[in-house]
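Per chain, numbering begins at 1; letters A, B, ... match sequence-line order. Keep in mind that what you see is a predicted model, and the values were worked out from it rather than measured.
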Amino acid sequence: MGGAELSPAPLPRSFFDRPSHEVAPDLLGRVLVHGPVAVRLTEVEAYGGPGEDPAAHTYRGRTPRNAVMFGPPGHLYVYFTYGMHFCANLVCLPEGSGSAVLLRAGEVLDGVDVARVRRSSRGKPPPDRDLARGPARLAVALGLAREHNGLDAVLEGSPAGRPHGSAAVLEGRPPAPGLVKAGPRTGISTAKEVPWRFWIDGDPTVSPYRAHVPRRRSAAATSVGEAPSS
DNA sequence: CTCTAGATCCACT
DNA sequence: GTGGATCTAGAGG
């Protein structure tokens with residue numbers, strides 16, 4: 001592992017057995033490990049359960065896509081969005097509840113070489129601070145995609161080594177309480193006022209806030225059969 | 001740094 | 001059919 005001060009102790013499942021908005025700030029500074037890559041989390045967002053959080057994927061109840069969030073805590077909910085990106089969450093609360101924490105950004109502590117290759121476009125890697133700066137980028141850096149949906153991120157049993165292909169959340173190095181900031185969540189169109197985005201103040205790997213921008217379909221796709229406007 | 005537009009799949013209504 | 005829990009490249013300051 002990279003940082004000498006980092007505790008390699010895995011977090012127990014009970015860590016996740018709380019509401020997502022309590023787990024979320026506590027995840028800052030923790031380290032998610034998957035294969036050769038380790039990322040220290042610097043920005044997360046909490047999403048609530050059915051009927052209580054209009055921005056959550058579980059708002060309208062259980063579906064095939066969000067089923068993992070209704071499973072036991074500590075597992076990864078990985079979903080596909082915008083036709084090309086994956087984002088990773090950690091499931092909270094006991095089985096049946098349906099809430100999670102979106103992992104929005106972090107600092108790559110280990111496996112930087114692997115992360116650079118995964119994040120390279122046209123052979124050029126981005127600056128190191130951008131390797132996991134944003135939820136889809138973080139998923140790429142960690143090698144998380146569709147097949148990791150449902151993967152258990154809690155290590156039970158053997159303390160030293162992780163089984164091949166497993167994931168784990170380590171104790172890491174939580175920030176001083178004063179450095180934890182909270183604000184509205186990014187990129188959502190409802191419940192914009194809920195301050196369930198948490199980040200480490202001043203950390204360069206925290207993603208820039210982006211307000212939701214409704215995407216318009218291409219003119220060609222929407223104007224079929226329409227008269228010319230002028 | 002900001003702004004804009006395009007890419008591209010799929011879950012759900 | 002609609003609208004994303006997004007990112008990148010390119011143009012402009």
Problem - Strand partner of dA5(C), provided both Watson-Crick or wobble distances fall under 3.5 Å - result: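 No nucleotide pairs with dA5(C).
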Handout entry: Opposite nucleotide pairing with dT8(B), Watson-Crick or G-U, both atom distances under 3.5 Å
Key =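 Across all strands, not a single nucleotide pairs with dT8(B).
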Does [X] pair with [Y] as a salt bridge, N-O distance under 4.0 Å?
X         : Y         : value
Arg40(A)  : Asp110(A) : no
Glu45(A)  : Arg104(A) : yes
Asp130(A) : Arg119(A) : no

Expressed in angstrom and rounded to an integer, what is the separation of [X] atom [atom1] from [N] atom [atom2]?
X         : N      : atom1 : atom2 : result
His212(A) : dG4(C) : NE2   : P     : 4 Å
Lys124(A) : dT8(C) : NZ    : C1'   : 17 Å
Lys192(A) : dG4(C) : NZ    : P     : 9 Å
Arg119(A) : dT6(C) : CZ    : C1'   : 11 Å
Tyr82(A)  : dA5(C) : OH    : C1'   : 7 Å
Tyr209(A) : dT2(B) : OH    : C1'   : 17 Å
Arg137(A) : dA9(C) : CZ    : P     : 10 Å
Phe198(A) : dA5(C) : CZ    : P     : 19 Å

Exercise for the section: For side-chain contact (heavy atoms from CB on, under 4.5 Å), just list the numbers for Leu144(A) and Phe86(A), CA-CA rounded to whole Å, side-chain angles, deciding distance to a tenth of an Å, and then say yes or no. Expected result: CA-CA 8 Å; Leu144(A) 295 174; Phe86(A) 291 96; over 6 Å; no
Using a 4.0 Å heavy-atom cut-off, does [X] contact any base of the nucleic acid, only the sugar-phosphate backbone, or nothing at all?
X         : answer
Ile188(A) : sugar-phosphate
Arg146(A) : sugar-phosphate
Asn89(A)  : base
Arg104(A) : sugar-phosphate
Arg185(A) : nothing

Practice task
Report yes if at least one side-chain N or O of Ser189(A) is closer than 4.0 Å to OP1 or OP2 of dG4(C); otherwise report no.
Solution key: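 Ser189(A) to dG4(C) OP1/OP2: side-chain N or O found under 4.0 Å.
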Exercise for the section: Look at the side-chain N and O atoms of Thr81(A) and state whether any lies under 4.0 Å from the OP1 or OP2 oxygen of dC10(B). Expected result: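 For dC10(B), OP1/OP2 do not have a side-chain N/O of Thr81(A) under 4.0 Å.
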Problem - Any donor-acceptor N/O pair under 3.5 Å between dA5(C) base and Tyr79(A) side chain - result: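 Yes, the side chain and the base share a sub-3.5 Å donor-acceptor pair.
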With the side chain of [X] defined as its heavy atoms from C-beta on, choose the nearest nucleotide among [options].
X         : options                 : answer
Met84(A)  : dT6(C), dA9(C), dT8(B)  : dT8(B)
Ala136(A) : dG4(C), dA7(B), dT6(C)  : dT6(C)
His85(A)  : dC7(C), dT13(B), dA5(C) : dC7(C)

Exercise for the section: Please determine which of Leu103(A), Thr205(A), Leu138(A) meets the side chain to side chain contact (heavy atoms under 4.5 Å, CB included) test together with Val39(A). Expected result: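 So, applying the side chain to side chain contact (heavy atoms under 4.5 Å, CB included) to Val39(A) and each of Leu103(A), Thr205(A), Leu138(A), only Leu138(A) qualifies.
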Handout entry: Side-chain donor/acceptor of Glu22(A) to backbone N/O of Pro19(A), under 3.5 Å
Key =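 No, because the side chain of Glu22(A) does not come within donor-acceptor range (under 3.5 Å) of the backbone of Pro19(A).
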Practice task
By nearest nucleotide on DNA chain C, pick out whichever of Phe80(A) and Arg122(A) is the more 5' one.
Solution key: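 The answer here is Phe80(A).
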